[in-house]
Undergrad: 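If you scroll down you'll find the structure; I have some questions about it.
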Amino acid sequence: MLAQHEIRHGPTIGDMYEGLTQKGLSQTLPPAVRVVSGFARDADGGLSGQLDCMVVVGEGELVPNTLRWIYPIEQIIAVIEVKKNFTRADLSEGGAALGKLAWAKPAKIEIRRITVERAFETISGHAFPDDKNDIPSDLKMLCHILVGEAVSPVRILLGFHGYKTENGLRKALSEVIGNAVDTKQRGYSPRELPSLIVGEDAVAMKGNALPWGVPMVDGWLHLLFTSGKIGRGRAILEVIWSRLNYLGLVGVDVFGDDRKLDAWNLLLSAKFHADQNGWEYNLLAPKAPRARRTVNAVKLSTSWEPVRLTDEETELVAWLCMNVELDLDSLPSEAPPRTQLEALLLRLSSAGLVGSVAGFRNRYRLLTTECHVVRLADGTPFAGDNSSGRLTRWVMEQSTSRNKVPPL
């Protein structure tokens, strides 16, 4: 145990915990990825402060006579700020240090459009338009934040000792965030907020849909969630693996069976006011509820299952699978009455299966990456995203007890 080691020299102790973090990550990531410590370089040649742990790809520059490296910001997958003992001061200072990286300008900007699109659709409930300039003003800030997230490294604040309970972490974060907002301190604005804050037995994650997120409601973006049920190692790996998956460096198979959804409690929401060019914040009670809660009718803890459909909804979803978009102002001749379609689309939108195109209220598309429709042996139709294979796994589980699932 590092905490019981005879070494009492502060910098050396810090190096021990950083080395432990690097060693643990190196054993779980693909060969094309390296884990080092050092500095980030932005497009203007400026260097960051020393970074405890960087997950990187490609070639870097070794700092002479050291074991530290300099990497361009665009080659850094993730940055982890490591603390031995987690205190409120560490939350504040670590958040500020990581927050600066959110603004580091990369020399080459390469964004997988699908990454931003899917996150935007998860949070906004609207399909991403063909031209991002068509995004309405009330959603432009969301798009801006997500693009910034996509070109910035994953930013993780890790404390080995401290915050053994979810309530303890929530209370500390409430105080730190409240003070940061009051004093305009860096680190906890929607753009700068760390991707993940990891205590001894409690975790806080950013709701940017990269990978975790829920729909916004009435302009409120759910920014920060907490949990005392999710292991910190798993949380760290999931957020890093998700970024590697977005970049095409690992497949979805690394996530295993993704039908079990995680349990999170909302802590912080924010709403952007364009007329004031600023954010309004809403901090929830520091004490987490005993039961897993829902936020705006969106379940945060459940086993995933596809959307159960009526026969009319099945026909509509199948049509969208083949035709991409339904324009209520230009319906095909064989389409049902508009009022009937509007009712169907409303139900499918509330289920998160379809959404209107941002900026075009009467044009609807699927919000899935790879939508499949199936019928169970009893004839009940379901639809869901199968890009990770979880619909297939769900169907196989059902077929175990229902014998056979015929195709639609």
Side-chain angles (χ1 to χ4, degrees), residues 1-25 35 37 49-54 78-101 154-181 183 185-188 192-207 212 223-240 262-268 283-290:
M1 295 291 291
L2 293 185
Q4 299 173 339
H5 200 281
E6 62 183 343
I7 294 293
R8 293 294 178 265
H9 180 247
T12 301
I13 292 174
D15 289 344
M16 290 164 61
Y17 281 89
E18 292 168 21
L20 177 62
T21 304
Q22 293 177 30
K23 181 179 179 181
L25 281 175
V35 184
S37 63
Q50 182 177 309
L51 303 174
D52 298 336
C53 186
M54 301 187 297
V79 172
I80 304 176
E81 183 81 2
V82 181
K83 304 292 183 183
K84 175 191 174 185
N85 297 309
F86 225 171
T87 65
R88 282 171 175 74
D90 290 324
L91 286 173
S92 179
E93 295 168 6
L98 291 175
K100 295 178 182 177
L101 293 177
V154 169
R155 302 176 302 281
I156 302 171
L157 186 54
L158 168 63
F160 275 86
H161 305 289
Y163 301 118
K164 295 183 178 181
T165 68
E166 182 181 359
N167 285 341
L169 181 60
R170 288 175 68 90
K171 182 178 180 181
L173 282 171
S174 295
E175 294 177 3
V176 170
I177 293 171
N179 181 67
V181 171
T183 61
Q185 179 183 326
R186 299 193 74 155
Y188 287 92
E192 298 174 343
L193 192 72
S195 311
L196 198 63
I197 300 170
V198 184
E200 191 167 343
D201 288 307
V203 176
M205 69 90 179
K206 189 172 188 177
W212 301 289
L223 271 180
L224 192 64
F225 297 81
T226 63
S227 175
K229 303 291 185 180
I230 298 170
R232 59 183 180 180
R234 181 183 151 218
I236 291 171
L237 287 178
E238 187 154 345
V239 73
I240 294 177
D262 295 321
W264 297 98
N265 287 313
L266 180 63
L267 177 63
L268 174 68
L283 271 167
L284 273 68
K287 188 174 182 180
R290 290 185 179 181

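Being a predicted model, the structure only gives us computed values, none of them experimental. Positions are given from 1, in the same order as the sequence printed here.
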Undergrad: Once you round to the nearest 0.5 Å, how far does NE2 of His161 lie from NZ of Lys84?
TA: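 Reported value, rounded in 0.5 Å steps: 6.5 Å.
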
Undergrad: Can you confirm whether Tyr163 sits close enough to Arg170 that some side-chain heavy atom of one is under 4.5 Å from a side-chain heavy atom of the other?
TA: no

Undergrad: Apply side chain to side chain contact (heavy atoms under 4.5 Å, CB included) to Arg88 and Lys171, showing your working.
TA: CA-CA 10 Å; Arg88 282 171 175 74; Lys171 182 178 180 181; 4.0 Å; yes

Undergrad: Hey, what do you get for CD1 (Ile156) to CE (Met205), rounding to the nearest 0.5 Å?
TA: 13.5 Å

Undergrad: Look up atom CH2 in Trp264 and atom CH2 in Trp212, then write down how far apart they are to the nearest 0.5 Å.
TA: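 The distance works out to 5.0 Å.
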
Undergrad: If we count only N and O atoms by modelled type, under 3.5 Å, do the side chains of Ser37 and Gln50 hold a donor and an acceptor together?
TA: no

Undergrad: With a 4.5 Å heavy-atom cut-off, do Val154 and Val79 have their side chains touching?
TA: no

Undergrad: With a 4.5 Å limit on heavy-atom distance, are the side chains of Leu283 and Val181 in contact?
TA: no

Undergrad: Do the side chains of Asp52 and Ile80 get nearer than 4.5 Å, heavy atoms only?
TA: no

Undergrad: Run the side chain to side chain contact (heavy atoms under 4.5 Å, CB included) check on Asn265 and Ser227 step by step: do they pass?
TA: CA-CA 6 Å; Asn265 287 313; Ser227 175; over 6 Å; no

Undergrad: Compare all side-chain heavy atoms of Phe160 with those of Val198 and state whether any distance is below 4.5 angstrom.
TA: no

Undergrad: How long is the straight-line distance from OH of Tyr188 back to CG of Leu223, given to the nearest 0.5 Å?
TA: 12.5 Å

Undergrad: Measure the NZ-CG distance between Lys164 and Asp201 for me, rounded to the nearest 0.5 Å.
TA: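 Lys164 NZ to Asp201 CG: 7.5 Å, rounded to 0.5 Å.
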
Undergrad: Which distance, rounded to the nearest 0.5 Å, do you find between the CG of Leu169 and the CG of Leu267?
TA: 8.0 Å

Undergrad: State, yes or no, whether a side-chain contact exists between Ile236 and Leu196 at a heavy-atom distance under 4.5 Å.
TA: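 Ile236 reaches Leu196 side chain to side chain.
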
Undergrad: Check whether any side-chain N or O of Glu166 sits under 3.5 Å from a backbone N or O of Ala202 as a donor-acceptor pair, and report yes or no.
TA: no

Undergrad: I'd like to know if the side chain of Ser195 pairs up with that of Arg155 as donor and acceptor (distance under 3.5 Å, no hydrogens or angles considered).
TA: no

Undergrad: Are any of the side-chain heavy atoms of Phe86 and Leu157 separated by less than 4.5 Å?
TA: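 SC-SC contact between Phe86 and Leu157 confirmed.
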
